[in-house]
Structure formats: C-alpha cells, structure tokens
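Convention: sequence-line order gives letters A, B, ...; per-chain numbering from 1. This is a predicted model, so every value here is computed, not measured.
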Amino acid sequence: MVDTATLIETLARDARPVRRLPNPGRRALQWLTVALAVVATFSVVMGVRPDLAGKLADQAFTLQLIAGLATAGCAALAAFSSVVPGAPNWVLWLPAAPLLVWTGSLGRQCWQDWFAVGPDGLGFRPDPVCLPMIAMIGAVPAIAMVAMVRRGAPLTPRLTVCFGALAAGALAYVGLRLVHPQDAAFMVLVWQFGSVVVFTFAFGLFGRWLLSWRAVTARIRAGSRPIDPG
Amino acid sequence: MTTLRQVGESHSASWAREHRSRSPRRRPSSARMDKAWSVDKAWPPAEDGAATGRMGAPEGRDANPEWSRLMAAAQEGDKDAYLRLLREIAPWLRRVVARRLYGPLAAETDDVVQDVLLSMHSVRHTYDPARPFLPWLMAIKRHRLADMMRRSVRRNTHEVAVDSLEAAFAEVAADTSDWDAVDDKVVHAAVAELPPAQRRAIELLKLDEMSLNEAAQATGLSVAALKVATHRGMKALRALLGRHA
C-alpha cells in the first residue's frame, strides 16, 4: 500500500485543468432537448394516430401526457443531481409528484370505467407490442442519459440509473400514446405504464455495472503517464 | 517511477477481491449503512475546529471558504493549490473516518482515506465553486465509507477467524535467497527496457491488474494484440531479469 503522503503528491502532480460539469438543471434541459427530438422523430416516422387532434381535447389524455413529460423532466433532473456530491436530497423526491398525478389520473379513469360499465370496463387483453415499443422509443434517450450520468460521480449507481431509465421510459410512454391507439385505462395502466416500470427496473439492475468507482478510477490510472522518477 | 497506476495498485487489488467474491446475498444499502454507523451525525468533531480554525460550522455551510478557493484553483490546473488542499484535508479526513471505524475495522482507516482522495480526484470536475466545498467532500466520504462497509460485511460472511493454521502453513520459512532478483526497482527497470507496446501491456495487465477488456479499452488495441504483447513482454522480462540477476 502506498502511503497517503505519496498518494497526495502523485494526485497533485496529475492535477490537469478539468472542464466543470454544468449544473444538473442545465444538463437535464440538454438531455430533454435531444430526447424529445428523438421521440418526436420516432412518432412522425411511425405515424401519429389518426384521432390525435380529438384526443388532445380529452382532459385525461392531455393530463397523462403532461404528467409523463413532467415525470421525464423531474427524473432527469434527479438523475443528474444524484451524480453530483453534496447535491440537495429533496431533488430526488421531485419525480414523485408528477408520477402520482400520472398514476392517479390512470387510476381515476379505471375507476370511472368500472363505475360506468362494470367489471367489463376493466377488460384485459394481451397487448404485447407495448413493452418492445417503449424499449425501442426509450433506447436512444436512455443511452444518452447513461453517457451523460457517467460523467458524474457514481454515488448511488442503481438509483441514478433507475431515475435515468424512468426519464427515458416516461418520454417513450408519451411517444407511444401519440402513435398507439390504445385508450382503455386499465390496458394503458397495465401495458404502457407497466412497461415503463419494467423498463425502469430492468435498467436499474445494471446500475452497478454501468456506473462504478472502479471504472472512474481505472480511466484515470490508465490515462496517466509516469510522472517522476521515484 | 511514481505513477497513479502504482498508487492505485492497492485499490485495484481490493476492487478485484470485491468483484471476485461477489455474493448473491443482498447488499446492505447505503441508507442502512449510514444508519448503522450514524455517519456524520456528530460532524464535525470538536478537535477539528481547533485544528483548522473554522471547522465548527454545520456541514451545510461553507465551513472553510479557503478550501473552496483552493479546489476551484485546482480545477483550473493549479497543482500547488491542489497539493495544499490535499495536505490540509487528509489529516482531517483521517480523523473523521477514524471516528466511524472501530474494532478490527480501524485498520481500514487509511484505505478509506486514500479511497476518498482518489475518488475526489477522479470526480473533481463535479465540484461547483459556487457551492461550499465540505458538503461535496463529505458526500464522497460518506459513500466511500459505506462502500467499504459493504465490502467488509460481504467478506465477513465468507471468512471465519481461526487461531491457528498449522495445517495450512508449513513451519519452514520460505526460501528468500533469490528475492533480490525480484526487487521492485529491478522489475521496474526491466519493464522500462521493454518495447513500448509490450511495456504498456505489462503495466496495464500485470501491474494495474486490469482485465483484458479494460486494457483494450484503455489502449485501443484488440484483446488478441494485448495477449500477444503480454506473452512476448513476459518472455522478454524473464530474459531481462535473468540478465539483471
């Protein structure tokens, strides 16, 4: 083991100028700009649903889209804050509010369907296209997110990656609602929102693999040159 | 030669040990570790205030603005400011970490301090000079301490302390008569004589204990090329060490 004094001298000699990380809010905006462009392109290429203009007049539909977008923005902010040491903890709770509005709106719609039609209002059918669509639309934003958070400190790898995946998944949900004509609340809750949840936790499992101190320090050790004859 | 590769060797070894002994059991979460060890609950210790003059402030305030200034200068590449900063925070960090580790874990204090310093160095670009320095440093310390605790818990679940290992170790001392031949300086001198590609491969794979994939990423060479360079490097090294001996 090298003694601490030697380590300090070696680190000091290696102190090259560094480019400071922009603040989390600015980084979240940068990511949102890129991710929204990707989702919009995807929606146009896939073809937006024919009844979109009418659906946008539906309050519940619009509220869910806005809540999805807000969740994406807040989760991105939380992800970028979680890689900055000493950042305030309350930012990590920000996604909870839009997430509650989002699930609350879907839950309310389910309740209304059940109240109006009875148990048939919550009819369940397989709709396996949702998960691959969410994964496909969310892939590029998620990869961009991972690339950006890897520039920070891997303090809470799983939490950071979960927030990043939630941000990408929520945006993918918005994209999917624009192209996929599925409006039964229970189906949307299970297949579309459920896919976002699966996407989030599936990415989160790889948190320690995607973000680790080992990788950060290995990059420094590999990039450093011999400093001084000892 | 003193390089970051060398100073990181002990860290590489502990990381390698961690990854080899990865347990399927559930890891203790950071929050649980913090709770169990009440990290930073009583920060800072009274004696620290005496040592640094303004350390009695709570963590959320800029307890020592000079450190913030030195860190900002270090980000601009001011080596002297960085050296001064590291020399000032190291003994303070050691005291703070030592208060959290007791019993057999006390022996890990220097490891944790060095881990914190190395981690701080590797993410120094995340420091925002508009914000106080100490909360930034303490967050790194808190997480590195929790990481060490996780490693320790994992290790302890797989290791049993025994009083005597007669069956495992021979009474006869090892034959150290040829140890001069593998003296550190001699080995490093021999490595320095290797052609650049072989030297790089030996440094990354044998001294830094990187995996082939990591070394390939660091050098841009293919795994096959690294294997060939390592094989040739080891062969040449044997010959060189024979000559030195």
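Between A/V83 and B/T126, the shortest heavy-atom contact is O-CG2, 4.2 Å. Across B/R124 and A/D14, no two heavy atoms sit closer than the pair NH2-O, 3.7 Å. Nearest approach of A/W213 to B/R144, heavy atoms of both residues: CD1-NH1, 2.8 Å. Across B/K79 and A/A12, no two heavy atoms sit closer than the pair CG-O, 3.4 Å. Residues B/A90 and A/I8 share a closest heavy-atom pair of CB-CD1, 3.5 Å. In terms of heavy atoms, B/L118 sits closest to A/L11 at CD1-CD2, 3.8 Å.
Every residue two or more places apart in sequence or in another chain that forms a salt bridge (charged side-chain N to carboxylate O under 4.0 Å, His left out) with A/E9 is listed here: A/R13, B/R87.
Among A/P22, A/A5, A/P88, A/P17, the residue making the largest number of heavy-atom pairs under 4.5 Å with chain B is A/P17. Heavy-atom pairs under 4.5 Å with chain A peak, among B/A130, B/A81, B/P129, at B/P129. Of all the listed residues (B/L117, B/L137, B/D128), the one sharing the greatest number of non-hydrogen pairs under 4.5 Å with chain A is B/L117. Looking only at heavy-atom pairs under 4.5 Å with chain B, the residue among A/V18, A/N23, A/L21 that has the most is A/V18.
Residue B/Q217 places its CD atom among 12 or fewer non-hydrogen atoms of other residues, nucleotides or ligands, all under 6.0 Å distant.
Heavy atoms closer than 4.5 Å to chain A are found nowhere in B/A73, neither backbone nor side chain. The contact between B/E214 and chain A is made entirely by side chain atoms (from C-beta outward), counting heavy-atom distances below 4.5 Å. Within the 4.5 angstrom heavy-atom criterion, atoms from both the backbone and the side chain of A/R20 approach chain B.
For the pair B/H143 (side chain) and A/P85 (backbone), a donor-acceptor distance under 3.5 Å is absent.
Applying the salt bridge (charged side-chain N to carboxylate O under 4.0 Å, His left out) test to every pair with at least one member in residues 97-111 of chain A, sequence neighbours left out, gives no pairs at all.
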